[in-house]
Every structure is written in structure tokens, then in C-alpha cells.
2 protein chains.
Amino acid sequence: MHGEITPGAALTLRGIGGEFGVSMTPAREAVRRLAAEGALFLSSSGRVTTPELTNERIEELAALRALLEVELASRALPRAHMALIDRLQTINSNVAEMVSKRDAVGYIRTNLEFHRTLYLRAQAPAMLAMAETVWLQLGPTMRALYGRLRRTDPPQNHRLIIAALKAGDEPGLRLAVRSDVTQGLRLLAG
Amino acid sequence: MHGEITPGAALTLRGIGGEFGVSMTPAREAVRRLAAEGALFLSSSGRVTTPELTNERIEELAALRALLEVELASRALPRAHMALIDRLQTINSNVAEMVSKRDAVGYIRTNLEFHRTLYLRAQAPAMLAMAETVWLQLGPTMRALYGRLRRTDPPQNHRLIIAALKAGDEPGLRLAVRSDVTQGLRLLAG
DNA sequence: CGCCAGGTTTTGTGATCACATGAGCGGATG
DNA sequence: CATCCGCTCATGTGATCACAAAACCTGGCG
């Protein structure tokens, strides 16, 4: 999810097992679970790799993020009190720090933490789980994307999100979330 | 997914394996995969049951269906030619037959076939996969719902969907899909 | 009659093994 | 020098086993 593995990387059950000090059996179960969520790709012969997404697939997953996360943000809005907004601002400064350090994995991790913190307030666990499934599918690709990105400016859309939360501005919030979610991925697909 | 198993039913790995003539290992993998998708519930001790959904969870999953399936239908609309509409009408008559026979499992199966046939035209595999994950989570509960339902009238919303497809009426299609998806589940939650 | 404690049985977990399959590499040939 | 064939090794699959924990059933006690 955090982009620690590059797209198309090959994994082996014995390798995963060895890495975590267990046998093939638990490794297999974990791989099957992740494959069920689309986070790993199982070739017809059972070989395991991280997925290499086509542009169409990336656009589709971006549309899914927009659909799900706009709804989650919208549901979180009436429950977003000051304590939450403060936490979001703290996380956002961490995001900015990761951007300035050009730490791609750290950026993805803190960025997703920002979103998750907001969406947790939506009290919609199934919807949040689906959003996280999409993040999981995009993980390796996002890393490849932000790796080639030459940005050092802090995330502008996050500030728009926070402003909309403070103002209780639902249309503004929906727009800001949609922009934040789609903008980065449009670049790669383009 | 088709509601063949009632909510809260207990499953055992050895039982599943025996049922399909395999050992525990493949049964475990299948169970773990289904649990990852939320179709099965793993207790803290590893016991496997079908989930018993709370009303809040049912409403949330209904909202997810609405969100995803309205989008899928909308994307399918421009590609929906006459051959597809004919197929949908054929399937819909099967749905009506299942309703009149009070065959709950058959109704769920043909109803989902109706939706899947339409959504396949959207050319959005990831989105369709998510919708099917929701169906999977709702399977046992839908059976319990339609079992207590005393309906013998054919599905009205399906006819609205077909009419909107014929007319190329996107707002009407969105509304019809949303109604079709949410109406049944509102009953149970209410 | 209800409730609790004992033991027995069921059940999931993780490891290991034999086997089949496919990938990757090396060498031979045109 | 490129291409193709064959072999070897790595890899996933499914079965089986020993073990631990939890569930269930049974009998006894209040």
C-alpha cells in the first residue's frame, strides 16, 4: 500500500516465509488474501507479482477513489470537530515534510494517513475498507508515479479540504477531495 | 453470493474440504480469500461463519451498491445497444419467473445476472469487482430478507432501467438503478 | 431444576513433503 | 551471431501430521 514494492516485482512463497520466519503455509494465505483484494497478481501458473496497471486501470481506480472518498468525506463532515481538524493539520505538516524530503514512501504513508483520519469519522467501515482496497491496488504504482514527480510544494488540496471542513462547506469539500484524489493519478495516465 | 447459506451459519475447513473432495489446504485458502472480501467472518479463534449484518452495516452496503452501480450503469449507457437490451429483457423474464415461483436463491441469482450483464458494458472491471464484493457480503442476508418478503409482482424497477436504456435517459437510469438497489434492503433495515 | 466443572472431541494452525509444472539458462545448430 | 531445443532448478499445489485451543457434552453439585 505504501509503495515499498515496485510494480511488477516478483515474490515467492518461500521468500516471503523466510522473510517473516514462517513456513510457506502462512505466506500462501497472506498472498491469497492480498490477491483477492487485487493487491497482488497471480499468474496462471500461480506466480506472484505486484500488478502493473494499465492506464485505463489507473483511471478507473482514480474514479473509484473519487467516488468512495468524496462520499466518505461528505459523511465525515457533520462529525468533524476542531480536534479532528487539528489532527489533520498536524498530519498535513508531516506530509509537507515528506514532500520536501522527497521521501516517496513516507509521502504516500502520511498522505493516506491524512485521508484515513478524516474518513474514520464517517462511521462507515465497509466503505472505508473498500477505499483502502483501492489504495492497496494503487500502492506500487503510486510509488512509481511520485518517484518521477518533481514536486516540492506542499499539498494544496489538503489545505482546501481543511478549509472546507472548517467552513462546513460540503460542495467545497467534495470538490477538494475529488481534486486531491484524481490530480496525481491523472499525471501518470496522461 | 446467491444466498444459499443463511447468515451466521458455521463452516469448518474439514467440512468444506470434504464437500469438494479436497484436503484442508485448498479449503483454507478459499476461506481466507472470502474472508478478505468480507464474505465470511473469521472469529478471533479462527472459526468461520457467514456474517450476521447489523442494520447499520446493511444500510452502508446498500449505499455502496447505489454509489457503485449507479456509476456502472451510467458508464454502460452509451455502449448499450439493442442486443444488450434484448438480453436484459430475457433475463428479466427469468427474474419474474423466479419471483412467481418464490425461489429466493433463483431470484437473487437472476437478479444479479441482470445487473452484471448491464455493468459488463461499462468496461470497468475494478468497479464491477467491487460491486460483486458487496453482493458477496450481502448474499446470506439478502436470502433472509427475500425469504420473509411476500412479493409476487415482477420487478418494476428493472423495467424502468430498461426503458431508460432505450431512451438514452441518463438521469432516469441513475434514479432507476438507485431505487432498484436500495428499495429491497431498506425494508430489512427498517 | 439450573448452573458449573470435568474431560473429550472437534477444529484451526503451521510445518513438512512429494510431485507436477513452468521458467530460465546453456549449448548446439543453422 | 541468432534462434531454438533441452535440461535443470526453482516454485506453487495439495496432502498429511502434530499440536494447541476452543467448543461441546456429560455428570455432579447447589
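Naming: A, B, ... by sequence-line order, numbering from 1 per chain.
Under the 30°/60° scheme for interplanar angles, the aromatic rings of A/H158 and A/H115 are found to stand perpendicular.
At a cut-off of 3.5 angstrom, the base of C/dG12 holds no donor-acceptor pair with the side chain of B/R28. Side-chain to base pairing of B/R32 with C/dG12: no donor and acceptor N or O lie closer than 3.5 Å to each other. Judged by distance alone, with hydrogens and angles left aside, B/R14 brings a side-chain donor or acceptor within reach of the base of C/dG12, the pair sitting under 3.5 Å. Taking 3.5 Å as the limit, the base of C/dA15 and the side chain of A/T25 contain a donor-acceptor pair of atoms between them.
For D/dA15, the OP1/OP2 oxygens have a side-chain nitrogen or oxygen of B/S23 closer than 4.0 Å.
Neither side chain, B/T182 nor B/R65, offers a donor N or O lying under 3.5 Å from an acceptor on the other.
The closest donor-acceptor contact from the side chain of A/E60 to the backbone of B/M127 lies under 3.5 Å. No donor-acceptor distance shorter than 3.5 angstrom exists from the side chain of A/T117 to the backbone of A/L88, with no hydrogens or angles considered.
The distance from atom CD1 of A/I16 to atom P of C/dG14 is 15 Å, rounded to the nearest whole Å. Here C/dT11 presents its P atom at 14 Å from CD of B/E19, a figure rounded to the nearest Å. For the pair B/L13 CG and D/dT16 C1', the interatomic distance rounds to 15 Å; values are reported in whole Å. Per the geometry, CE belonging to A/M24 stands 14 Å off P belonging to D/dA10, to the nearest Å. In this entry the distance linking CD of B/E29 with P of D/dT13 reads 6 Å, nearest Å. Between the C1' atom of C/dA15 and the CZ atom of A/F20 lies a distance of 18 Å, rounded to the nearest Å. When rounded to the nearest whole Å, the span between CZ of B/R47 and C1' of C/dT13 equals 12 Å.
Distances from the side chain of B/V48 to the nucleotides C/dG12, D/dG12, C/dG14 place C/dG12 closest.
Within the 4.0 angstrom heavy-atom criterion, only backbone atoms of the sugar-phosphate kind lie near A/L11; the bases stay farther away.
For the pair B/R109 and B/E113, the salt-bridge criterion is not met [side-chain N within less than 4.0 Å of a carboxylate O].
Residue B/S45 is the one, among B/S45 and A/S43, whose nearest nucleotide of DNA chain C lies closer to the 5' end (criterion: closest heavy atom).
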